[in-house]
Amino acid sequence: MDILQTSMSIIAGAGDAKSCAMEAIYLAREGKYEEARISLEKAKEALRDTHSIQTDLITKEMQGEKMELALIMVHAQDHLMGAVLIKDLATEIVTMYEKFSK
């Protein structure tokens, strides 16, 4: 897989994770906690798959394979880190909505 394809895979996976995490917040706001937890799990799965792509890149680089540094890859990494942050915050927000609804 070339750097463009790899970058776009990371961006797409991060986007999926972010969408699922935001959906979880919206569902929790409506009191749909079970559905919110399912959306959080989907976000975790998307991040797990996307992180696997990142880990493969890091492993190859550690094994001496030269990696092209491209702005698109920096952009992809930024998307991934943002998605991780949003998923973590969404988990806390869903928990707070649930806790304060009782």
Side-chain angles (χ1 to χ4, degrees):
M1 191 180 294
D2 71 4
I3 197 73
L4 181 59
Q5 285 179 314
T6 302
S7 298
M8 294 309 295
S9 293
I10 291 171
I11 291 168
D16 289 345
K18 179 183 172 187
S19 293
C20 290
M22 292 303 297
E23 179 182 53
I25 294 170
Y26 303 144
L27 288 165
R29 186 173 55 202
E30 295 173 9
K32 299 176 181 177
Y33 305 115
E34 187 173 328
E35 292 174 50
R37 296 283 175 199
I38 290 169
S39 287
L40 286 174
E41 190 56 40
K42 288 179 183 177
K44 287 179 192 176
E45 289 172 15
L47 285 174
R48 187 172 32 247
D49 294 343
T50 305
H51 189 259
S52 176
I53 297 168
Q54 181 190 45
T55 300
D56 288 344
L57 288 173
I58 292 168
T59 300
K60 287 177 183 176
E61 188 171 56
M62 288 176 58
Q63 293 171 342
E65 188 174 322
K66 297 284 183 191
M67 293 286 152
E68 177 186 347
L69 180 59
L71 183 56
I72 189 73
M73 181 54 75
V74 174
H75 182 65
Q77 295 299 313
D78 183 46
H79 270 278
L80 179 55
M81 294 311 301
V84 169
L85 177 61
I86 290 170
K87 191 273 300 172
D88 290 346
L89 287 172
T91 300
E92 291 302 314
I93 291 169
V94 168
T95 300
M96 285 174 41
Y97 269 122
E98 192 169 18
K99 180 179 180 179
F100 292 121
S101 72
K102 295 178 182 181

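Computation of the quantities below employed the complete heavy-atom set of this structure, encompassing side-chain atoms and omitting hydrogens, waters and symmetry-equivalent molecules. As the structure is a prediction and not an experimental result, all values here were calculated from the model. Numbers for residues simply follow the sequence, beginning at 1.
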- Quick one: closest heavy-atom pair of L40 and A90, and the distance? CD2-CB, 3.8 Å
- Would you name the heavy atoms of A70 and I3 that are closest together and state the gap between them? CB-CG1, 4.3 Å
- Message: Surrounding CE of M67 (heavy atoms of other residues, nucleotides or ligands, distance under 6.0 Å), is the total greater than 12?
- Response: yes
- Could you note down all residue pairs passing salt bridge (charged side-chain N to carboxylate O under 4.0 Å, His left out) where residues 79-99 supplies at least one of them, sequence neighbours left out? R37-E98
- Item | Distance in Å, L47 CG paired with L80 CG, rounded so as to fall on 0.5 Å steps | 6.5 Å
- Note on the structure: Tracing side-chain contacts under 4.5 Å among Ile, Leu, Val, Met, Phe, Trp and Tyr outward from I72 reaches L4, M8, I11
- Query: Looking at residues at least two apart in the chain, or sitting in another chain, which of them share a salt bridge (charged side-chain N to carboxylate O under 4.0 Å, His left out) with E61?
  - Reply: none
Identify each donor-acceptor pair in which a side-chain atom of residues 16-34 lies under 3.5 Å from a protein atom, sequence neighbours left out, and give them as a table.
unit_1, atom_1, unit_2, atom_2, d
S19, OG, G15, O, 3.1
E23, OE1, S39, OG, 2.7
E30, OE1, K32, NZ, 3.2
Y33, OH, Y97, O, 3.3
Y33, OH, S101, OG, 3.1

- Item | Summary of ring pair (Phe, Tyr, Trp, His ring centres under 6.0 Å) pairs that have at least one residue in residues 35-91, sequence neighbours excluded | H75-H79
- Cluster overlap V84 with I93, hydrophobic side-chain contacts below 4.5 Å: no
- For K44, what residues pass the salt bridge (charged side-chain N to carboxylate O under 4.0 Å, His left out) criterion, not counting sequence neighbours? none
- Note on the structure: In terms of heavy-atom contacts, S9 and I53 come closest through CB-CD1, 3.7 Å
